[in-house]
Amino acid sequence: AQGYLDAYRALGEEAYLAAGLRALDFIETEMADGPRLHRVWKAGQGARINGFLEDYAASIAALLAAHQATLAPRWLELAEARMAYVVEQFYDAAAGLFFYTHAQDAPLIARSKEVHDSVLPSGNSSLAHSALSLGQLLHREDWRALAARALSALLPALGRHTGGLAHWAALHLRHVFPDQEITLMG
């Protein structure tokens, strides 16, 4: 969904906007139960298996992209609800990072936290970006602080492992050079 929405914003092709919104509608109607996401869907069987952190991170980023493309409040409201759910079900306040699995999943020997970016950003770095964006859009200082805390957990490694922490480096730039807000009134 996010790829189509980003393509729409870059190229202005309405077909990309329609495809991105259709994908999000499918996710919200077939793969989600309120803010909760499922990972697998099969025709005739519906959605099953709890979503992992990366599923939530990708959906929140796509919801934010839909809001940016359409300015429809629905997408921002869904992103806000999903972020609140992720903080409740995945966040480890002691470490300042998110677990990879849902709190209600079967217990494992240890709940891991994925922080290294590869071809795709890690769920933690993507959620930190989304927390910062939602914090700015919704004036939620707690979510801005969450993004800053996650970044501070990775800052010591950032200089040594930049190849595996590229999305974290981009978040660091957003902190060093904060986004500028412009309000137009008329």
Side-chain angles (χ1 to χ4, degrees), residues 1-3 24 27-28 31-40 47-67 75-175 178-179:
Q2 183 180 355
L24 272 178
I27 291 166
E28 294 305 319
M31 304 287 295
D33 181 13
R36 185 180 197 143
L37 285 177
H38 297 281
R39 187 167 183 84
V40 177
R48 56 190 174 84
I49 302 177
N50 284 335
F52 296 129
L53 184 66
E54 62 192 14
D55 302 314
Y56 286 90
S59 76
I60 293 169
L63 291 166
L64 285 170
H67 175 69
W75 305 117
L76 186 60
E77 291 162 2
L78 287 168
E80 178 182 21
R82 186 142 304 133
M83 179 62 81
Y85 184 79
V86 168
V87 170
E88 176 186 307
Q89 297 296 325
F90 290 83
Y91 191 61
D92 178 5
L97 295 166
F98 294 91
F99 289 110
Y100 187 71
T101 56
H102 194 284
Q104 296 175 6
D105 281 345
L108 302 171
I109 293 171
R111 285 178 76 199
S112 65
K113 297 175 195 84
E114 181 56 52
V115 296
H116 289 92
D117 301 324
S118 60
V119 175
L120 297 174
S122 70
N124 267 287
S125 65
S126 183
L127 277 171
H129 275 275
S130 292
L132 180 58
S133 296
L134 282 166
Q136 291 168 333
L137 289 168
L138 301 171
H139 305 286
R140 295 278 309 256
E141 289 303 319
D142 56 333
W143 286 351
R144 287 183 192 200
L146 188 146
R149 176 107 194 280
L151 178 61
S152 70
L154 271 285
L155 268 179
L158 196 55
R160 295 187 310 271
H161 306 290
T162 53
L165 301 171
H167 210 57
W168 290 104
L171 181 64
H172 183 55
L173 283 175
R174 288 183 69 191
H175 277 274
D179 297 341

Run the side chain to side chain contact (heavy atoms under 4.5 Å, CB included) test on Leu76 and Leu64 for me, step by step, so that the C-alpha distance in whole Å, both residues' side-chain angles and the decisive distance to 0.1 Å come before the verdict.
CA-CA 6 Å; Leu76 186 60; Leu64 285 170; 4.1 Å; yes
Strictly distance-based, threshold 3.5 Å: is any side-chain N or O of Asn50 a donor or acceptor partner for the main-chain N or O of His38?
no
Among His175, His172, His167, which one satisfies ring-ring contact (aromatic ring centres under 6.0 Å, His included) with His129?
His167
What pair of heavy atoms forms the shortest contact from Leu158 to Trp168, and how long is it?
CD1-CB, 4.1 Å
Heavy-atom distance under 4.5 Å between the side chains of Glu28 and Leu63, does that happen here?
yes
Can you tell me how far apart CG (Asp179) and CZ (Arg174) are? Round to the nearest 0.5 Å.
4.5 Å
Rounded to the nearest 0.5 Å, what's the gap from CG on Leu146 to CE on Met83? Could you check?
7.0 Å
Below 4.5 Å, heavy atoms only, C-beta onward: do Trp143 and Glu80 meet side chain to side chain?
yes
Going through the checks in order, is the side chain to side chain contact (heavy atoms under 4.5 Å, CB included) test met by Tyr85 and Leu37?
CA-CA 10 Å; Tyr85 184 79; Leu37 285 177; over 6 Å; no
Would you call the rings of His102 and Tyr56 parallel, tilted or perpendicular if under 30° counts as parallel and over 60° as perpendicular?
tilted
For the pair Ser133 (side chain) and Ser130 (backbone), establish whether a donor and an acceptor sit closer than 3.5 Å, ignoring hydrogens and angles.
no
Distance col, row Asp55:CG vs Arg82:CZ, nearest 0.5 angstrom, shows 10.0 Å
Any donor and acceptor pair, going by atom type alone, linking the side chain of Arg144 with main-chain N or O of Leu134 inside 3.5 Å?
no
For Ala153 against Ala95, the heavy-atom pair lying closest together
CB-O, 4.0 Å
Please find the pair of heavy atoms, one from Ala81 and one from Pro35, that lie closest to each other, and give the distance.
O-CB, 3.8 Å
Supply the atom-to-atom distance Glu54 CD to Tyr100 OH, rounded to the nearest 0.5 angstrom.
3.5 Å
Do you know which two heavy atoms are closest between Arg149 and Ala94, and how far apart they sit?
NH2-O, 2.9 Å
Non-hydrogen side-chain atoms of Leu53 and Glu114 separated by less than 4.5 Å:
no
What closest approach, in Å, do Trp75 and His67 show between heavy atoms, and which atom pair accounts for it?
CB-N, 3.7 Å
Any donor and acceptor pair, going by atom type alone, linking the side chain of Asn124 with main-chain N or O of Phe98 inside 3.5 Å?
yes
Here the pair of heavy atoms bringing Phe90 nearest to Gly51 is CZ-O, 3.8 Å
Atom pair CG (Leu120) and OG (Ser126), whose distance is rounded to the nearest 0.5 Å
9.5 Å
Interatomic spacing from CD1 in Ile27 to CG in Leu78 - rounded to 0.5 Å
11.0 Å
Check: Val86 and Tyr91 side chains under 4.5 Å, non-hydrogen atoms
no
